[in-house]
Protein chains: 4
Amino acid sequence: MKKDKPKYRQIIDAAVIVIAENGYHQAQVSKIAKQAGVADGTIYLYFKNKEDILISLFQEKMGAFIEKMEEKLEGKKSAAEKLLLMIDMHFQMLSKDRHLAIVTQLELRQSNKDLRLKINEVLKGYLHVVDNILIEGRDSGEFSEDLDIRLARQMIFGTMDETVTTWVMNEQKYDLTALAEPVQKLLINGCEKR
Amino acid sequence: MKKDKPKYRQIIDAAVIVIAENGYHQAQVSKIAKQAGVADGTIYLYFKNKEDILISLFQEKMGAFIEKMEEKLEGKKSAAEKLLLMIDMHFQMLSKDRHLAIVTQLELRQSNKDLRLKINEVLKGYLHVVDNILIEGRDSGEFSEDLDIRLARQMIFGTMDETVTTWVMNEQKYDLTALAEPVQKLLINGCEKR
Amino acid sequence: MKKDKPKYRQIIDAAVIVIAENGYHQAQVSKIAKQAGVADGTIYLYFKNKEDILISLFQEKMGAFIEKMEEKLEGKKSAAEKLLLMIDMHFQMLSKDRHLAIVTQLELRQSNKDLRLKINEVLKGYLHVVDNILIEGRDSGEFSEDLDIRLARQMIFGTMDETVTTWVMNEQKYDLTALAEPVQKLLINGCEKR
Amino acid sequence: MKKDKPKYRQIIDAAVIVIAENGYHQAQVSKIAKQAGVADGTIYLYFKNKEDILISLFQEKMGAFIEKMEEKLEGKKSAAEKLLLMIDMHFQMLSKDRHLAIVTQLELRQSNKDLRLKINEVLKGYLHVVDNILIEGRDSGEFSEDLDIRLARQMIFGTMDETVTTWVMNEQKYDLTALAEPVQKLLINGCEKR
DNA sequence: GATGAATGAGCGTTCATTCAT
DNA sequence: GATGAATGAACGCTCATTCAT
C-alpha cells in the first residue's frame, strides 16, 4: 500500500507547508517536491496528479480527526456535552497546526468546483457526526422536538467555519479554543433572552 | 462617470453569466467581452484589469443590496423582525439570480487572497447591518444582555452562507426562500427545547 | 499644404518631447496627441501613421539644419574651416535641444529597419554636404589626393555620431561643443605624430 | 553549468538566425525555439527571459571575440600594427557571419534602453583593448603625444561601426575585409595631405 | 476640420505531467 | 523505485488606427 510508505506522508506534509507559506496558486508541484526532498517525478509515483495530493491531504487530516472524535464522543452522555467536545476538538486541531488552518480555511477554497465537490465528499463523515448528535439530542428531549436536523447542522457547521476563518484572517492573534464554550452556548440557546 | 455608461453594467452582467456557466478559471476576458457584445479592448476602457471586473461586480451587486436592505429595515420595529427581513432578502436576492448565486457562493471564492481581501472590504458594510440589529436587540432586552456581538454575527453570517452554499451545491433544487423563517427561528432560539 | 498649418509643427514638437521623456516604446500616439493638445484622431489628419510622424520629425529638424548649414558654409574658404564649422554646428544643434539629442541618438534607433532606411534617405542630404567638403579639400590639395571619399565620409559621420552618443549616454554632463575643434583636428591629422 | 550544455549554444545560434531573417520585433520566442529544435518552455530552462537570450548572445559572441583578439594582439609590436589587426579581425568576424552582422549592426539596436545599457557593459571590454593600443602608441612616440585617448577611441569605434553598418545596409555587396587597411590608414593619418 | 470611443490582433511566460535513463 | 530535463498549451493586456458624430 502506497499510503504506508514514508514518502506518501512526507509529500502530504510538504504540501501543507508549501501551500500555507506560498498560497494555493504559488504551490507548484516542483516546490512541494523540493520541500519533501524528492524529485518532481516521484510525486507521480504516489499521487495520480496534483489534485490528488490535495484530496489525499484532506482525507488524511480529516479522516484521522473524525476517527479520534468519534472515539472521544462515546465518553460523553448529553448532546450538549458532545457538541461542546466537538467544537472544542475542532478548534484545538486547527489551533495546534497553524499551517493546516490556513490551508483548510483559505487556500484550499481556491480550488475549482470539482475539487471542492470531492472535499465535500470527505466532509460527509463529519456531517454524520453532527447529525447523530442532533438526532440524539432531539430524541432525548434535550433539543427541540421539531428541530430541523439539516438546518441545525448547517448552522453548526457554518458558525464553526465562520469563527475559524475570521480567526485565521485575523492572523490567529487571539485564542480560538477559548471560543468553544461561548459558541456552543450560542448554538444551543440562540440570541434570545430567556 | 464610467459606471453610468451602459457598457459598464453590460460587462458586469456578462461576467456574472460567463463565470457562472464556465467557472472562475475558465472565464477568460475574451469570453466576457464576447458575451457583453464588445471587443476585448473595450473591457479595458471600463476596468483596470480582470480583477477589477470581479471587484466591481461584487461592489455593484452587494452595494445595491445593502442599500436597499437598510432602507427596508427602517420599517421594522423589533430586532427579530429585522433579522427575518434580512435573511429573507438575502435568500431572495440569490434565489432570483441563479447565476449570481453560483458566482458568489462558489466561483468568486476561488480568487486569490488579494481579491478576497477586497471582497471582505465590501462585506464590511453588510457586517455593520448585522451588528446594528444585534446591538439593538440586546439593548432593547429582546436578546440576551450578555450576547457576544462578534460571535453572534459570525453565527448569523456563517449560517446564512452555509445554507445558501448547500442550496447552490444541490443545484438550487429546492426553495431557498422558504428556509428564511426557520433559519431565523433557529438563530434566535438555538437548538434547545424551551 | 498641411505642413504649414500650426498643428503640424505642434504635433512634431510634441512627439520630440514625448519620445525624449518616455522613450520610443512608451511614446504612444495618444500621449503625443495629449501633449500636442489635440485628439488622437486629429493626428491622422496630418500624418499617414505613427511612422510618418517620426520621419517627418526627422525631415523637419534635419532639413532645416542642412539648409542653414549650407548657407553658412559658403562663407568659409578652406575645407578644414568648413569641416570645423559643420562639426561645430552639429554639436551646437544637439547641445541646444537636449530632447532632440536624446531622440536622434538613442530613441529613434529603436525603430525598425524600414523606418531607418527612410531616415537614411533624409541623411543623404547631409552626406552630400560632407562629400562636397571632402572633394573640395582633395581637389584643392588640402587633403590627400588619394583620399577615399566614401571611407572618409564614414569616418567623419561615425566619429561625430559616436561622440554625440557617448555624450548623451553620459547624460550630457560635459560641454559637447568644446569637442568640436579637437574632433576636427583628429579627423584631419589622425592619430600619428607628425 | 548551463552555458556548457549543447542547447545553450543551440538556442543562441537559433536566435541569431531568427533575428537576422525576421527582424528584432518579429523574432518571437516560439520562432527561436522552433529554429533551435526545442520546445518553447525549454528556452526558459536556459535563459531567464527573452532579453536574457539577447544579452547572452552578445556576451558569448563578443566575449569570445575580445579574448581571441587580446591573444593575437600580443604578437604584434607597433600600435599601428595592432590597430590594423583589430580592425581586420572585427571586419572578418562580421564578414564570416552575415547573420551576426545584421543582428549586431541593425536589429539589436532596436532593443530598449535597458538592454542597450547591458550591451554597453559588455562593450567596455572592447573599449579597454582600444584604449590600451592608443596609450601604448602615444607612450612609444608612434602617436601624437597630446592624443586625447577618449576622443581617439570614439573616432576608431565610430568609424568601424559606421563602415560596417553601411556595408550591411548595402546588403553586404562588397568585400568588407578589403577596407581594413584603408580604414586603418585613414585613422592614423587623417584626411590631410602630408 | 475635429473628436475620442471602439476595435482586435498579437505574444512572453508558467507549470503540470511525461519518460528515457 | 527514483530522477529531472523536456514539453507545449493557454491567456491577459496594449495600442495604432478607424469612423460615426
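A note on names: the letters A, B, ... follow the listed sequences, proteins ahead of strands, and every chain is numbered from 1. In this text the structure is predicted, and so the values were computed from the model without any measurement.
The CD1 atom of D/Ile32 sits 17 Å away from the C1' atom of F/dG8 (whole-angstrom rounding). Spacing between atom CG of D/Leu45 and atom P of E/dG12 amounts to 17 Å, rounded to whole angstrom units. Straight-line distance from the OH atom of D/Tyr8 to the C1' atom of F/dA5: 18 Å, rounded to whole Å. Atom-to-atom, CD1 of D/Ile11 to P of E/dT13 comes out at 14 Å; the value is rounded to the nearest Å. Look at NZ on B/Lys34: it is 15 Å from P on F/dG12, rounded to the nearest Å. Nucleotide E/dC15 holds its C1' atom 14 Å from the CG atom of A/Asn22, rounded to whole Å. For the pair A/Ile19 CD1 and E/dA16 P, the computed distance is 11 Å after rounding to whole Å. Rounded to whole Å, the distance from CD1 on B/Ile43 to P on E/dT7 is 10 Å.
In this structure, C/Lys7 reaches the E/dA2 phosphate: one of its side-chain N or O atoms is under 4.0 Å from OP1 or OP2. Not one side-chain nitrogen or oxygen of D/Tyr46 sits closer than 4.0 Å to the OP1 or OP2 atom of F/dA5.
Taking every side-chain heavy atom of A/Ala39 into account, F/dG4 is the closest of E/dG1, E/dA6, F/dG4.
Residues that satisfy the ring-ring contact (aromatic ring centres under 6.0 Å, His included) test with C/Tyr24, not counting sequence neighbours, are absent from this structure. Taking the salt bridge (Lys or Arg N to Asp or Glu O under 4.0 Å) definition, one finds that B/Arg98 meets it with nothing, sequence neighbours left out. Here D/Asp13 pairs with D/Lys61 under the salt bridge (Lys or Arg N to Asp or Glu O under 4.0 Å) rule; sequence neighbours left out. In this view, D/His25 and C/His25 satisfy the ring-ring contact (aromatic ring centres under 6.0 Å, His included) rule, not counting sequence neighbours. Checked against side-chain contact (heavy atoms from CB on, under 4.5 Å), B/Arg116 has the following partners two or more places apart in sequence or in another chain: A/Leu106, A/Gln110, B/Ser111, B/Lys113.
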Just by protein heavy atoms under 4.0 Å, how would nucleotides 13-21 of chain F read 5' to 3' in B, S and -? BBSSBB---
Indicate every side-chain donor-acceptor pair of residues 48-57 of chain A with a distance under 3.5 Å to a residue at least two apart or in another chain.
{"residue": "A/Asn49", "atom": "OD1", "partner": "A/Glu51", "partner atom": "N", "Å": "3.3"}
{"residue": "A/Asn49", "atom": "OD1", "partner": "A/Asp52", "partner atom": "N", "Å": "3.0"}
{"residue": "A/Lys50", "atom": "NZ", "partner": "A/Ala27", "partner atom": "O", "Å": "3.0"}
{"residue": "A/Glu51", "atom": "OE1", "partner": "A/Lys118", "partner atom": "NZ", "Å": "3.4"}
{"residue": "A/Asp52", "atom": "OD1", "partner": "A/Ser56", "partner atom": "OG", "Å": "3.4"}
{"residue": "A/Asp52", "atom": "OD2", "partner": "A/Lys48", "partner atom": "N", "Å": "2.9"}
{"residue": "A/Ser56", "atom": "OG", "partner": "A/Asp52", "partner atom": "O", "Å": "2.6"}

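The list of ring pair (Phe, Tyr, Trp, His ring centres under 6.0 Å) pairs with a residue in residues 32-58 of chain A, not counting sequence neighbours, reads A/Tyr8-A/Phe47.
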Dot-bracket for DNA chain E, 5' to 3', with Watson-Crick and G-U pairs under 3.5 Å, [ ] for crossing pairs and | for other-strand pairs: what is it? .||||||||||||||||||||
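Remark: C/Thr104 OG1 to C/His99 NE2 distance equals 12.5 Å, nearest 0.5 Å.
The existence of a salt bridge linking D/Asp4 and D/Arg9 is excluded, since no basic side-chain nitrogen approaches an acidic carboxylate oxygen closer than 4.0 Å.
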